[in-house]
Amino acid sequence: MNGLRFPRGIASRLLAVVLPLTAATATGTVLDNFNGAQRTAWEDANPVGLPLPGGLQADGKFTFNMQPVGQPYFVSSRKTSETFELREGRTIEFRADLLNGQGPDSFAVLAFIPQATGPNTLAGYGIAKSETDILITKGINKYFYNENVNPPVKNNNVTLVLNLAVKGGKVFITGQVLDKDDGNRVIWEKSFVDTTAADVLSDGEDSPPAPWINLPGNFVLYLYADGGQDPAGYQVVYDNAETFVTDTEVLDNFDAASRSGWEDANPAGLPLPGGQQA
């Protein structure tokens with residue numbers, strides 16, 4: 001997660017004033033480590049209307065394993081036990097380990113999806129990865145980033161990270177891939193901003209242009225089968241679904257006529273003023 005930064009004044013031997021301008025509360029949760037005998041609080045969906053399974057839990061893993069249906073398609077599993085909402089001053093980070101993906105056309109997708117849109121729309125924010133490609137998504141065919149990465153980024157034993165921070169009515173989106181074999185070293189990272197205006201996307205149109213904020217949503221995992229005709233089938237294997245939520249609050253914006261709730265001090269014992277508000 002992005003580190004919280006506090007302002008630092010110039011300290012002298014005569015006067016030192018520390019001004020903590022923001023406060024933050026943070027919570028981290030393991031949504032599911034998939035170690036149970038059976039999965040709990042996962043709801044499956046797919047837009048093609050076929051009886052396709054979502055993630056199947058076994059041996060401490062969450063596996064999407066699908067056969068071709070003759071067209072591109074995706075299946076999803078939505079974690080229903082906890083709801084998240086992007087709002088001003090809040091940062092939400094989703095993480096999921098991608099243990100393995102089968103072939104260049106099996107895409108693992110980690111997403112925040114509002115309940116108002118639902119997983120079948122892919123309308124929300126997501127990071128998608130296959131052996132060859134990485135995408136940062138806002139909806140079906142609406143991508144901030146869609147590239148065949150060269151050289152390819154490893155696709156086994158990595159962690160997918162989706163960090164969403166709301167500030168000034170905008171959503172600051174950062175996608176990362178971490179190498180679990182190398183101390184969670186960042187091996188891919190891109191950042192984008194979703195504004196209230198129609199932003200220029202790598203692919204597709206930003207319509208509707210509004211960010212996905214002030215809407216309750218869920219942690220969603222997908223398998224997207226690009227092409228949907230590979231006789232070898234499609235598979236992605238996940239582990240360790242985690243979330244981190246940080247709320248920040250402005251303690252003082254110094255806009256009032258006089259300061260309030262501040263206490264001055266200095267080690268010299270002289271009547272030296274502290275911070276003056278004007």
Side-chain angles (χ1 to χ4, degrees), residues 1-31 79 81-95 110-116 124-125 127 136 138 144 159 161-176 178 184 186 189-197 199 208-219 241-278:
M1 299 189 337
N2 294 331
L4 296 174
R5 297 176 180 267
F6 294 91
R8 297 183 178 179
I10 299 176
S12 71
R13 295 182 62 185
L14 294 179
L15 178 64
V17 180
V18 180
L19 303 177
L21 299 184
T22 61
T25 58
T27 57
T29 301
V30 177
L31 277 184
K79 187 67 170 176
S81 59
E82 189 164 346
T83 300
F84 303 88
E85 184 174 337
L86 288 170
R87 63 179 65 167
E88 189 67 30
R90 174 172 290 174
T91 298
I92 296 175
E93 182 167 293
F94 286 176
R95 293 188 176 206
L110 166 64
F112 164 79
I113 302 294
Q115 294 175 350
Y125 300 110
I127 178 171
I136 301 295
K138 189 178 179 181
F144 291 98
T159 299
V161 180
L162 179 67
N163 186 285
L164 307 169
V166 184
K167 184 176 182 180
K170 304 174 184 178
V171 179
F172 294 78
I173 308 155
T174 298
Q176 293 179 320
L178 313 182
N184 290 327
V186 178
E189 179 176 10
K190 293 290 182 181
S191 295
F192 303 90
V193 181
D194 189 17
T195 72
T196 56
D199 299 303
W212 299 114
I213 59 176
N214 301 320
L215 296 168
N218 296 97
F219 182 108
E242 298 179 288
T243 65
F244 303 85
V245 179
T246 302
D247 284 304
T248 59
E249 179 182 358
V250 177
L251 292 181
D252 205 325
N253 59 13
F254 306 115
D255 289 340
S258 60
R259 69 179 197 168
S260 176
W262 292 94
E263 181 179 83
D264 302 331
N266 73 82
L270 301 177
L272 302 172
Q276 303 299 305
Q277 183 166 322

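Every heavy atom of this structure was used, including side-chain atoms; hydrogens, water molecules and symmetry mates were not.
- A search for side chain to side chain donor-acceptor pair (under 3.5 Å) contacts involving T29 returns nothing, not counting sequence neighbours.
- Considering F94, F219, F244, F112 as possible partners of F84, the one that fulfils the ring pair (Phe, Tyr, Trp, His ring centres under 6.0 Å) test is F94.
- Between G124 and P114, the closest heavy-atom pair is CA-CD, 3.8 Å.
- In this structure, I136 CD1 and I127 CD1 are separated by 4.5 Å, a value rounded to the nearest 0.5 Å.
- For K170, the salt bridge (charged side-chain N to carboxylate O under 4.0 Å, His left out) test picks out no residue, with sequence neighbours left out.
- Every residue was checked against the ring pair (Phe, Tyr, Trp, His ring centres under 6.0 Å) condition with F172, not counting sequence neighbours, and none meets it.
- Without hydrogens or angle criteria, T174 side chain to S191 main chain gives no donor-acceptor distance under 3.5 Å.
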| message | Apply side chain to side chain contact (heavy atoms under 4.5 Å, CB included) to residues V171 and V193 and explain how you reach the verdict. | response | CA-CA 6 Å; V171 179; V193 181; over 6 Å; no
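- In this structure, T243 has no side chain to side chain donor-acceptor pair (under 3.5 Å) partners at least two apart in sequence or on a different chain.
- To the nearest 0.5 angstrom, I213 atom CD1 is 12.0 Å from R90 atom CZ.
- Residues satisfying the salt bridge (charged side-chain N to carboxylate O under 4.0 Å, His left out) criterion with E85, sequence neighbours excluded, are R87.
- The distance from the OG1 atom of T91 to the CG atom of L164 is 8.5 Å, given to the nearest 0.5 Å.
- In this view, D199 and T195 satisfy the side chain to side chain donor-acceptor pair (under 3.5 Å) rule, not counting sequence neighbours.
- Without hydrogens or angle criteria, N163 side chain to E93 main chain gives no donor-acceptor distance under 3.5 Å.
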Check: side chain to side chain contact (heavy atoms under 4.5 Å, CB included) between L178 and R95: does it pass, once the steps are laid out?
Finding: CA-CA 10 Å; L178 313 182; R95 293 188 176 206; 3.6 Å; yes
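- Taking all atoms of both residues into account, the shortest heavy-atom contact from K79 to N218 is O-ND2, 3.1 Å.
- With hydrogens and angles disregarded, no donor-acceptor distance shorter than 3.5 Å links the side chain of Y125 to the backbone of L162.
- In this structure, CH2 in W212 is found 9.0 Å from CG in D194, a value given to the nearest 0.5 Å.
- Residues P216 and T83 share a closest heavy-atom pair of CB-CG2, 3.5 Å.
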request  = Please step through side chain to side chain contact (heavy atoms under 4.5 Å, CB included) for the pair E88 and V166, ending with a clear verdict.
outcome  = CA-CA 5 Å; E88 189 67 30; V166 184; 3.8 Å; yes
